[in-house]
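All figures in this text were calculated on a predicted structure; none of them were measured in a lab. Order of the sequence lines fixes the chain letters, A, B, ..., with proteins taken first and strands second; residue numbering starts at 1 for each chain.
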Protein chains: 2
Amino acid sequence: MNIGEVSERSGLPAKTIRYYEDIALVRPLRSANGYRSFRESDIHKLAFLGRARALGFSIEDCRILLDLYEDKSRESAQVKAVAEGHLTEIDNKIAQLKSMRETLSQLIETCHGDHRPDCPILKDLSGNT
Amino acid sequence: MNIGEVSERSGLPAKTIRYYEDIALVRPLRSANGYRSFRESDIHKLAFLGRARALGFSIEDCRILLDLYEDKSRESAQVKAVAEGHLTEIDNKIAQLKSMRETLSQLIETCHGDHRPDCPILKDLSGNT
DNA sequence: CTTGAGCTTCTAGTCACTGGAACCTCCACA
DNA sequence: TGTGGAGGTTCCAGTGACTAGAAGCTCAAG
């Protein structure tokens, strides 16, 4: 199967699929004309990658998860550890964003936002309390 | 004032300060020996940038905010608009992360995480329901 | 006069793609 | 048989906001 159809079926842009081959996440065969030739298992892998990326896993995490997926003697604890590490990162990011949000929304509230130049947002950024 | 002291006083790494000069966010003078020579106003700007970046504003937003800061005839509505745009982005990111978090934590809960290979996380990623 | 800290510039790497150029291949239709 | 266009190929460069590291210059203290 050619890359266009694989792109449709996996939901990933062709560029991304080529990139994933570049970094050896998938290894499609080649036809006589030089075109990539994807097997069902490649499409399956790509869809796996799409879902893992949608959950925010890094490419390196994806690589590990794919390896675990293909290792039938894996221990589920290994998978869980990767997922938990990622969950922690997500929690950290959420906490950071919430803290930014908090500060920012307070500043926005106190800014009258009209034609006058006086602005508590700039005041705060400039270090004035 | 040399970059080292400015780094300490502004809280920004020297590398970052040089980068900010590269992209013309600050324009320190130069001493006869070629060293950057920072005025108080440069330090002030850098501290401003540090705070704006800590609130998650992009470099381009920071550039706009700095310009507004220096434009004494600005309208506070302009500042507020930038801040509100950024707040919306933050909210979007938080929503996305929360949705990831939701899915991921549910998967983690159902994974027993022991020596057995059976794993609902991988099952889900592989498209099995 | 040496040593070491601190400064300079420059290049390249990060992450995960994405855009674009130049070129090749295939298939349908005239 | 020619042609046009869709779809494939590779390679290079850019994104954002730094960061690491190398090679070399300057300065102050001992």
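- Between B:L87 and A:R101 the shortest heavy-atom distance is CD1-CG, 3.6 Å.
- Under a 3.5 Å cut-off, the side chain of A:D42 and the backbone N or O of A:R39 do form a donor-acceptor pair.
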| field | Step-by-step side-chain hydrogen bond (donor to acceptor under 3.5 Å, both in side chains) determination, B:D114 to A:S76 | value | CA-CA 6 Å; B:D114 56 16; A:S76 61; 3.3 Å; yes
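- Here C:dT18 presents its P atom at 12 Å from CD1 of A:I17, a figure rounded to the nearest Å.
- Non-hydrogen atoms lying under 4.0 Å from DNA chain D are contributed by A:R30, A:G34, A:Y35, A:R36, all within residues 29-41 of chain A.
- Minimum interatomic distance between B:H86 and A:L104 (heavy atoms only, all atoms of both residues): CD2-CD2, 3.5 Å.
- With contacts defined as side-chain heavy-atom distances shorter than 4.5 Å, the pair B:V82/B:F57 qualifies.
- Counting to the nearest Å, the C1' atom of C:dG6 and the CD atom of B:E5 are 13 Å from each other.
- From B:R27, atom CZ reaches atom CZ of B:R30 across 12.5 Å, with rounding to the nearest 0.5 Å.
- For the pair B:Y20/B:I59, a side-chain contact is recorded, criterion being any heavy-atom separation below 4.5 Å from C-beta on.
- The shortest non-hydrogen separation linking A:I23 to A:R63 is O-NH1, 2.9 Å.
- B:I3 has its CD1 atom 17 Å from the C1' atom of D:dC27, to the nearest Å.
- When the P atom of C:dA16 is taken as reference, atom CD1 of A:I23 falls 8 Å away, rounded to whole Å.
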Nucleotide by nucleotide, nucleotides 13-21 of chain D touches protein heavy atoms under 4.0 Å in the pattern (B base, S sugar-phosphate only, - none) ----BBSBB
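- Between A:R18 atom CZ and D:dC12 atom C1' there is a gap of 15 Å when expressed in whole angstrom units.
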